[in-house]
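We count residues from 1, following the sequence as given. For clarity, every value in this text was computed on a predicted model and none was experimentally measured.
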Amino acid sequence: DSVSELNCDFTVPHVRNLQAMTLAFASGQENDKYPNKNNLIHPPESIHILIVGHGNIGSLTGRKLRDRCKGVNIGVYDPDPVVLVPKDFRHFSEYEEALRSANVIVICTSGDRVPGEPNPPLIDAHHKQHIKDNCHIVNCARGNLINPSALLELAEKQNVTFSLDV
């Protein structure tokens, strides 16, 4: 429960910031800090949170975010094809498609997704091309799931922010 709470603590402020920027731009309160404002306008129904991994922590995180971020869309990607996803969540079967949809990516899967096999990273040079500019990535998962070089490049070139716990 504490990890899902931490995921929410990292995610909710970013979602609220997206909503606040949208309201400011809609009311004409433009800011020189955001010269490319069209990429930042997000009414609640256009904000997409992606939960990667829908086990105990991922499903609890998703339920809490649904309650705290009213009106946003929540999607789930889990490599397990029989994972049960709530009806009001979108279930993605393709990881790259899921990444392209997300304003916020919350990684909740463990580093031992396939026991006995090395796990491919969830964010690396291949995946960064699918991640939206100004996305926020939250990683509270265990294991070597994110390539640090890819994260730094995302931060520099696409203004991607991230919250890392472990």
Side-chain angles (χ1 to χ4, degrees), residues 1-27 29-31 33-34 36-78 83-92 95-111 121-123 127-128 130-143 145-146 148 150-152 154-166:
D1 191 40
S2 62
V3 175
S4 66
E5 203 57 44
L6 188 59
N7 286 336
C8 292
D9 289 346
F10 286 149
T11 303
V12 171
H14 187 73
V15 169
R16 296 219 170 107
N17 189 38
L18 288 172
Q19 293 169 331
M21 283 190 295
T22 297
L23 292 173
F25 291 139
S27 67
Q29 299 173 14
E30 299 180 23
N31 186 331
K33 183 178 178 184
Y34 302 106
N36 196 2
K37 70 176 184 174
N38 291 332
N39 291 338
L40 296 169
I41 298 179
H42 301 286
E45 65 275 4
S46 74
I47 297 172
H48 295 267
I49 299 172
L50 172 64
I51 308 288
V52 179
H54 204 252
N56 293 333
I57 293 171
S59 60
L60 185 56
T61 298
R63 289 192 307 270
K64 288 181 177 185
L65 288 172
R66 176 182 52 203
D67 294 340
R68 296 178 190 181
C69 300
K70 301 288 186 197
V72 303
N73 295 294
I74 298 178
V76 172
Y77 171 78
D78 193 300
V83 68
L84 298 175
V85 175
K87 291 178 185 176
D88 55 338
F89 288 11
R90 178 174 178 191
H91 185 221
F92 289 93
Y95 184 55
E96 287 79 9
E97 177 189 5
L99 290 176
R100 284 190 294 273
S101 77
N103 303 97
V104 180
I105 300 167
V106 183
I107 299 175
C108 298
T109 189
S110 66
L122 292 169
I123 306 290
H127 298 109
K128 67 184 179 184
H130 301 290
I131 296 173
K132 287 182 178 183
D133 290 352
N134 305 301
C135 183
H136 185 71
I137 299 171
V138 176
N139 181 27
C140 287
R142 298 182 313 272
L145 300 174
I146 296 180
L151 263 191
L152 291 175
L154 283 165
E156 291 172 2
K157 295 185 178 177
Q158 293 176 238
N159 199 34
V160 171
T161 57
F162 41 92
S163 301
L164 307 173
D165 178 42
V166 291

Say you draw a straight line from CD1 of I123 to SG of C135; how long is it, rounded to the nearest 0.5 Å? 8.0 Å
How far does CD1 of I105 sit from CD1 of I137, to the nearest 0.5 angstrom? 4.5 Å
Check: H136/T11 side-chain N/O donor and acceptor closer than 3.5 Å: no
I'd like to check L65 versus V104 (side-chain heavy atoms, cut-off strictly below 4.5 Å). Are they in contact? no
Can you tell me how far OG of S101 sits from CD1 of I131, rounded to the nearest 0.5 angstrom? 11.0 Å
Looking at every heavy atom in both G53 and T109, which two are closest together, and how far apart are they? CA-CB, 4.0 Å
Side chains of F92 and R90: does their closest heavy-atom pair fall under 4.5 Å? yes
Any idea which heavy atoms bring S4 and K64 closest together, and the distance? OG-NZ, 3.1 Å
Which class fits the ring pair Y77 and Y95: parallel under 30°, tilted 30 to 60°, perpendicular over 60°? tilted
State the CG-SG distance between L60 and C8, to the nearest 0.5 angstrom. 7.5 Å
Decide yes or no for C140 and I57: does some side-chain heavy atom of the first lie under 4.5 Å from some side-chain heavy atom of the second? no
Starting from the C-alpha separation in whole Å, work towards a yes-or-no answer on side chain to side chain contact (heavy atoms under 4.5 Å, CB included) for N139 and L122. CA-CA 10 Å; N139 181 27; L122 292 169; over 6 Å; no
Any chance the side chains of D133 and N159 put a donor and an acceptor closer than 3.5 Å? no
What's the separation between atom CD1 in I51 and atom CZ in R63, rounded to the nearest 0.5 Å? 11.0 Å
Between D78 (side chain) and H54 (backbone), is there a donor-acceptor pair under 3.5 Å? yes
N56 CG: over 12 foreign heavy atoms closer than 6.0 Å: no
Look up atom CZ in F162 and atom CG in L154, then write down how far apart they are to the nearest 0.5 Å. 8.5 Å
Between V72 and N103, is any pair of side-chain heavy atoms under 4.5 Å apart? no
